[in-house]
**Q** 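First the structure, then my questions, so here it is.
All values derive from a computational prediction rather than experimental measurement.
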Amino acid sequence: HSFIHSFIQNSKTQNPKQKLGLGYVDLYLIHWPMALAEGEATFPTTADGLVIPNTNTTLEETWAEIEKLVDDGLAKAIGVSNFTIPQIQR
């Protein structure tokens, strides 16, 4: 199976079977410690080019959803990238 980094968009997990055509992914990674605003754009930005965060979803809520991927057999491992130690300790 391929080694695939899947990114979290809008703090909602997407089933890798549906999104990527795979039975599971080896690693599902939260790439940045922030959720992005919901919408059509992958990286929603203001007119000034600033990324628009989603302030209604916490990192803890996102992680709880990611854990379900392992429980459901859709991901073999989960992890984070670009997090500070305090963010990881939360």
**Q** To the nearest 0.5 Å, what is the distance between CG (L69) and CG (L27)?
**A**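 Interatomic distance, L69 CG to L27 CG, rounded to 0.5 Å: 11.0 Å.
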
**Q** Let me check something: any side-chain donor-acceptor pairs from residues 78-87 under 3.5 Å, sequence neighbours excluded? List them with distances.
**A**
unit_1 : atom_1 : unit_2 : atom_2 : d
N82    : ND2    : H31    : O      : 3.0
T84    : OG1    : Q87    : N      : 3.2
T84    : OG1    : Q87    : OE1    : 3.2
Q87    : OE1    : T84    : N      : 2.8

**Q** Nearest 0.5 Å please: distance from the CD1 atom of I88 over to the CH2 atom of W63.
**A** 9.5 Å

**Q** State which residues pass side chain to side chain donor-acceptor pair (under 3.5 Å) with T55; sequence neighbours excluded, sorted by chain then number.
**A**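 Here no residue qualifies.
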
**Q** Considering all heavy atoms of both residues, which atom of N56 and which atom of E61 are nearest to each other, and what is their separation?
**A** O-OE1, 3.8 Å

**Q** Taking side chain to side chain donor-acceptor pair (under 3.5 Å) as the definition, give me every residue that meets it alongside K76, ordered by chain and number, with sequence neighbours left out.
**A**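 For K76 there are no side chain to side chain donor-acceptor pair (under 3.5 Å) partners, ignoring immediate neighbours.
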
**Q** Supply the atom-to-atom distance I30 CD1 to E65 CD, rounded to the nearest 0.5 angstrom.
**A**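 Result: 10.5 Å between the selected atoms.
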
**Q** Evaluate the side chain to side chain contact (heavy atoms under 4.5 Å, CB included) criterion for residues T45 and L50: first the C-alpha distance (whole Å), next the side-chain angles of each, then the deciding distance (0.1 Å), finally the verdict.
**A** CA-CA 5 Å; T45 58; L50 300 174; 6.0 Å; no

**Q** Determine, stepwise, if the pair I52 / T46 fulfils side chain to side chain contact (heavy atoms under 4.5 Å, CB included).
**A** CA-CA 7 Å; I52 303 170; T46 65; 3.8 Å; yes

